[in-house]
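One structure is given here, and the rest of the page talks about it.
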Amino acid sequence: MRGNLLWRKSVNAVMLSVTALFTVLAVSSLFLILGYLIYYGGRSLDWNFFTKLPLPPGEIGGGMANAIVGSLKIVGVAALIGLPFGFLAGVYLSEFEDKMFCPLVRYVADLLNGIPSIVVGLLAWGLVVVPTRSFSGLAGSIALAVMLIPIVTRQTEQFLREVPLSLREAALALGASKWKTIATVVVPAGSKGILTGMILGVARIAGESAPLLFTAFNNQFWGGGITQPTASLPVMIYSHAIAPYDDWHRQAWAAGLVLIGMVLIANIAARLVLARGISVPRA
Amino acid sequence: MATPAVADPTAIRRRTTQTGDIVARLITLAFAASIILITFLLVWQLWTQSAPTRHKFGFAFLFTRTWDPVTEDFGALPFVYGTVVTSALALLISVPLGLGSAIFLSELAPARISNMLTFLIELLAAIPSVIYGLLALFTLVPLMREYGEPFLKSTLGFLPLFKGPVYGFGLLTGGMVLSIMTIPFIISVSREALLAVPREQREAALALGATRWESTWQIVVPYAKLGILGSIFLGLARALSETMAVTMVIGNDPKISASLFAPGYSIAAVIANEFSEATGKVYQSALIELGLVLFLLTIIINGIARLMIVATTKKGSKR
């Protein structure tokens with residue numbers, strides 16, 4: 001504690017104000033981002049955006065109906081693969097503890113979670129695009145599922161661990177077998193948290209574009225099924241934003257507003273409504 | 001096995017339930033093990049698919065700066081340089097800002113306000129990176145071109161870092177976008193580390209006559225040092241692996257320039273831009289080897305971050 005009291009008190013006041021200022025700066029960036037998107041996106045968003053296909057450069061108008069449907073398809077299939085997969089793996093980590101294998105799985109899941117999304121895209125490219133010789137929505141779904149699995153696994157594990165041991169003991173004491181205890185007592189008790197984690201995980205992969213660039217690729221048209229190149233909102237935002245056409249920029253802003261609306265609504269709903277009172281760990 | 005078991009119904013029950021348990025265990029085990037399998041597949045893919053360039057260039061790949069798809073001569077140095085420089089710039093901005101905010105949220109703000117602000121920060125972390133890219137492209141890039149970079153040039157222009165023509169696109173803008181994207185991670189992990197510091201530490205410092213800031217900076221922050229370092233490494237890993245936002249503002253030019261105004265390129269950006277159009281095994285292999293480099297880089301950084309964060313939470317829970 002050096003210096004005289006006045007100096008120390010002023011340092012105290014200055015530094016504490018600086019930390020408050022930093023916090024205001026950090027939080028205001030959220031409102032700045034939302035403000036810009038609502039201003040520019042709102043001006044560009046119209047009914048056509050949801051119902052029409054993209055037009056070739058130079059023509060004014062059109063929409064991104066195919067990208068909205070494509071995103072739903074890609075993310076839907078990814079969730080169909082990734083959610084049950086991650087959930088079951090999480091049940092194993094929490095309920096069938098063993099000293100050797102579980103720490104290894106936990107470590108590898110964290111590792112997988114930290115892998116850059118673009119590298120996950122390379123994996124799906126090698127696994128699906130190369131053998132089938134075609135970009136496809138399915139390849140994109142697999143890339144996103146690989147990102148989703150470790151998130152859901154670790155969150156499921158975390159929320160199941162928070163279920164009190166006494167609940168398990170009560171069920172076992174009543175004669176339930178272990179798997180019945182898990183299915184009818186432990187999982188329902190942790191279900192709110194698990195569901196929250198799942199929604200947040202899906203919201204996170206829904207905004208990913210890097211792993212889709214060379215798996216799902218892009219499509220200016222409706223495209224066929226999941227085996228065809230499929231348009232998605234994040235990739236559309238990217239391709240439209242970097243193109244040199246003003247009308248495409250307008251569309252990119254509109255798509256940005258729609259995407260962030262979906263992601264933020266999912267986040268707010270999951271965190272405020274579903275997860276009231278439980279703390280959600282970061283993915 | 002048959003006669004006594006049938007005679008005793010509870011034994012049958014025990015046996016069947018045990019089979020159910022075994023099945024449940026095996027099914028969940030299969031999925032847990034598949035996580036390891038997926039990761040193994042990933043490493044194997046990166047390794048085998050990058051074989052052509054690994055054999056052709058060896059370790060020189062990392063230290064040469066040519067990137068010529070026509071003559072199939074590839075070096076990773078400009079991309080590694082761009083990735084490291086933008087990430088370092090990002091941390092330079094986001095560490096003080098993030099740590100300052102974390103101190104405010106854990107030490108000063110009332111719990112209710114702190115929780116509300118933290119919620120908003122978590123939302124900031126949930127924003128997709130392509131949205132950051134979109135905003136940066138249309139707002140930050142023109143701002144940097146018209147005001148930010150000319151200002152730096154006129155004030156700090158004697159440094160080689162701030163010389164040369166001004167584009168708006170470049171390493172500096174890339175680093176700034178990354179800083180905004182890493183701040184939420186640094187804030188929320190540091191805040192938890194600070195909150196894990198026992199209350200007695202603060203009370204003891206205050207009782208000895210320390211001001212609030214002195215108690216925070218000299219007692220609480222050093223106590224949470226490891227967790228804060230962990231948050232910085234986590235932010236670094238995030239910055240290294242960030243793709244879309246950087247791709248949209250870095251300028252996409254595989255050059256190594258001393259000036260931060262100059263356009264550059266990052267590992268993730270070059271894969272994003274060129275992979276779908278890469279023709280020829282060697283070109284593809286070069287990009288995949290870049291992916292392998294990025295993968296190893298982020299694994300090491302993430303590993304360090306997790307070790308540090310685990311160490312602090314353990315320390316806190318002991319008391």
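A note on names: the letters A, B, ... follow the listed sequences, proteins ahead of strands, and every chain is numbered from 1. Just so it is clear, the model here is predicted, and its values are computed rather than measured.
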Side chain, backbone, both or neither: which part of [X] has a non-hydrogen atom closer than 4.5 Å to chain A?
X	answer
Ile299(B)	side chain
Thr216(B)	neither
Ile36(B)	both
Leu137(B)	side chain

- [ ] With a 4.5 angstrom heavy-atom cut-off, could you sort out which part of Tyr107(A) is near chain B: side chain, backbone, both or neither?
- [x]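 No part of Tyr107(A) comes within 4.5 Å of chain B.
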Open item on the list: Could you work out, with side chain to side chain donor-acceptor pair (under 3.5 Å) as the rule, every residue matching Ser117(A), not counting sequence neighbours?
Closed with: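 Side chain to side chain donor-acceptor pair (under 3.5 Å) list for Ser117(A), sorted by chain: Glu208(A).
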- [ ] Mind telling me whether Trp253(A) and Phe138(B) have parallel, tilted or perpendicular rings, with 30° and 60° as the class edges?
- [x]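 The rings of Phe138(B) and Trp253(A) sit tilted, inter-plane angle from 30° to 60°.
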Could you state the interatomic distance from [atom1] ([X]) to [atom2] ([Y]), rounded to the nearest 0.5 Å?
X	Y	atom1	atom2	answer
Leu32(A)	Ile180(B)	CG	CD1	8.5 Å
Leu29(B)	Leu88(A)	CG	CG	11.5 Å
Leu111(A)	Phe295(B)	CG	CZ	6.0 Å
Thr28(B)	Leu93(A)	OG1	CG	9.0 Å

Task: Under 3.5 Å: donor-acceptor pair, side chain of Asn12(A), backbone of Thr211(B) - done: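 Pair absent, no side-chain N/O of Asn12(A) close to backbone of Thr211(B).
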- [ ] Keeping the roles fixed (side chain from Asn267(A), backbone from Leu123(B)), state whether a donor-acceptor pair exists under 3.5 Å.
- [x]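 No, because the side chain of Asn267(A) does not come within donor-acceptor range (under 3.5 Å) of the backbone of Leu123(B).
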